[in-house]
There are 2 protein chains.
Amino acid sequence: MTVPTGRRERKKAATRQKIADAALRLFLERGYDAVGIRDVAAEADVAVTTLFAHFASKEALVFEQDRDFEHRLTRAVTDRAPHEPLVPALRREVLALVRHCTADGAAPIRRMVDGSPALREYEESMRLRHAESLAAAIAADPGLTQGTTVCRTIARFAVDAYSLAREAPDPEAALDEIFRMIEAAWEVTRPPRCG
Amino acid sequence: MTVPTGRRERKKAATRQKIADAALRLFLERGYDAVGIRDVAAEADVAVTTLFAHFASKEALVFEQDRDFEHRLTRAVTDRAPHEPLVPALRREVLALVRHCTADGAAPIRRMVDGSPALREYEESMRLRHAESLAAAIAADPGLTQGTTVCRTIARFAVDAYSLAREAPDPEAALDEIFRMIEAAWEVTRPPRCG
DNA sequence: TTTCGAAAACCTAACCGTTAGTGTTACGGT
DNA sequence: ACCGTAACACTAACGGTTAGGTTTTCGAAA
């Protein structure tokens with residue numbers, strides 16, 4: 001029950017990293033579909049079972065970089081300045097995420113993902129899970145009184161904004177447009193108040 | 001180039017139906033995961049390759065009934081009364097779809113789908129495809145001037161409404177709530193006009 | 001009616017992601 | 001120094017899916 005801070009953990013992390021690196025290298029080199037799990041395992045000098053001990057699926061190998069996506073979304077809600085309205089905080093974070101994934105460095109990976117239906121499907125389903133976490137974070141905000149349905153809806157809309165904006169010709173302009181809509185959707189859920 | 005209305009088509013449709021029936025029967029009887037593709041093919045007295053000539057995947061077997069979902073959504077837009085506003089037409093159709101799938105008869109299938117991550121994932125990704133078709137239908141409406149991003153956004157929101165409402169304790173009340181939000185989102189996209 | 005092209009179905013054998021079962025090694029706490 | 005266990009390895013399989021090539025069945029033109 002002690003704090004686990006030893007060589008064991010470092011080795012584990014190193015193995016994981018070695019697998020992810022090998023996978024990405026091979027995928028970008030030969031294409032996602034042309035590379036088998038056994039190839040990746042061999043390249044990383046690791047048993048297939050070990051690979052699956054670190055990654056739940058072949059697709060998960062591709063989204064190693066996105067691991068903090070979910071966390072960043074929920075933190076944008078929970079860690080925002082006191083009394084800062086929800087939607088602008090969401091907008092700011094989603095904008096950062098969109099910028100991050102439309103940066104030049106991420107282009108080859110994006111091309112790979114867009115080229116594989118399996119990867120696109122996996123990503124969308126991952127985002128839906130993120131939306132659920134986000135909904136929970138919103139629902140837990142003591143400053144908000146909206147019901148579960150509204151929270152889940154806004155969370156889903158925010159994640160939609162991310163994927164829609166990413167695919168638009170001008171991502172940032174699209175994000176502006178979508179968040180104007182989300183803002184309006186959120187406004188009509190406020191409890192009636194005078195003024 | 002003649003009109004294909006012969007026995008051939010009937011036999012093909014019959015085979016497809018036979019496979020779908022066998023699949024659903026076995027799935028409901030033993031559970032989705034406990035039934036293999038080879039079992040279904042044997043039960044339908046058909047070769048495995050034939051099965052995959054009719055259905056793209058194992059999951060597709062489950063959603064045979066939903067085949068018109070996409071079509072109904074787009075028709076709700078294209079076939080609505082002249083000058084009928086978009087969002088209420090969408091709302092009406094989504095409500096009908098929600099009612100249809102929360103009906104008592106569909107309960108065993110719903111339970112099966114909810115119990116299998118693979119099926120849930122497949123369904124969500126299917127709905128996203130439907131949202132794309134819906135977006136195209138909306139964008140093609142000559143009475144509307146909104147851009148592609150807005151159309152895709154509203155389409156996505158409408159499909160979200162379907163899946164969120166379905167999972168809510170009171171689906172119809174949830175749908176009301178969500179469509180109030182969608183209506184507001186849509187309103188702010190109108191070109192500025194006096195009155 | 002006969003003939004012929006093509007669609008539909010068949011069979012076999014594999015491919016590939018994934019998992020179970022079972023050891024083996026290396027670390028961390030006692 | 002010792003033991004429990006987490007990490008890794010190896011083999012063999014399972015289950016969805018596809019490739020390859022053959023046979024059957026229909027539709028229509030000759």
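As the structure is a prediction and not an experimental result, all values here were calculated from the model.
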Do B/Arg75 and B/Asp68 come within less than 4.5 Å of each other through their side chains, counting heavy atoms only? no
Side chain proximity check, B/Arg110 to B/Arg166, heavy atoms < 4.5 angstrom: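 Side chain of B/Arg110 against side chain of B/Arg166, heavy atoms only: contact under 4.5 Å found.
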Quickly work out the [X] [atom1] to [N] [atom2] distance and round it to whole Å.
X: A/Arg8; N: D/dC3; atom1: CZ; atom2: C1'; result: 12 Å
X: A/Arg10; N: D/dA6; atom1: CZ; atom2: C1'; result: 16 Å
X: B/Lys58; N: D/dG15; atom1: NZ; atom2: P; result: 9 Å
X: A/Phe52; N: D/dA9; atom1: CZ; atom2: C1'; result: 15 Å
X: A/Ile19; N: C/dG17; atom1: CD1; atom2: P; result: 15 Å
X: A/Arg7; N: D/dA6; atom1: CZ; atom2: P; result: 18 Å
X: B/Arg38; N: D/dG16; atom1: CZ; atom2: C1'; result: 7 Å
X: B/Asp45; N: C/dC10; atom1: CG; atom2: P; result: 7 Å

Could you tell me the separation between the CD atom of A/Glu124 and the CE atom of A/Met126, rounded to the nearest 0.5 Å?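 It comes to 9.0 Å.
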Can you tell me how far apart CZ (B/Phe52) and CD1 (B/Ile37) are? Round to the nearest 0.5 Å. 4.0 Å
Would you indicate which nucleotide in C/dC10, C/dA8, D/dA9 comes nearest to any side-chain atom of A/Val46? D/dA9
Of A/Arg16 and B/Lys11, the one whose closest DNA chain D nucleotide lies more 5':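 Its nucleotide being nearer the 5' end, the pick is A/Arg16.
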Between B/Thr15 and C/dA9, is there a contact of a side-chain N or O with OP1 or OP2 at under 4.0 Å? yes
Does C/dA9 have OP1 or OP2 sitting under 4.0 Å from an N or O in the side chain of B/His54? yes
Indicate, with a heavy-atom threshold strictly under 4.0 Å, whether A/Val35 touches base, sugar-phosphate, or nothing.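 Sugar-phosphate, no base atom in range.
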B/Tyr122 ring centre to B/Lys58 NZ or CZ under 6.0 Å, with the angle to the axis within 45°?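 Cation-pi check for B/Lys58 and B/Tyr122: fails.
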Tell me if the side-chain of A/Thr49 makes a donor-acceptor pair with the base of D/dC10, cut-off 3.5 Å, by modelled atom types.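 Answer yes: a donor N or O sits under 3.5 Å from an acceptor.
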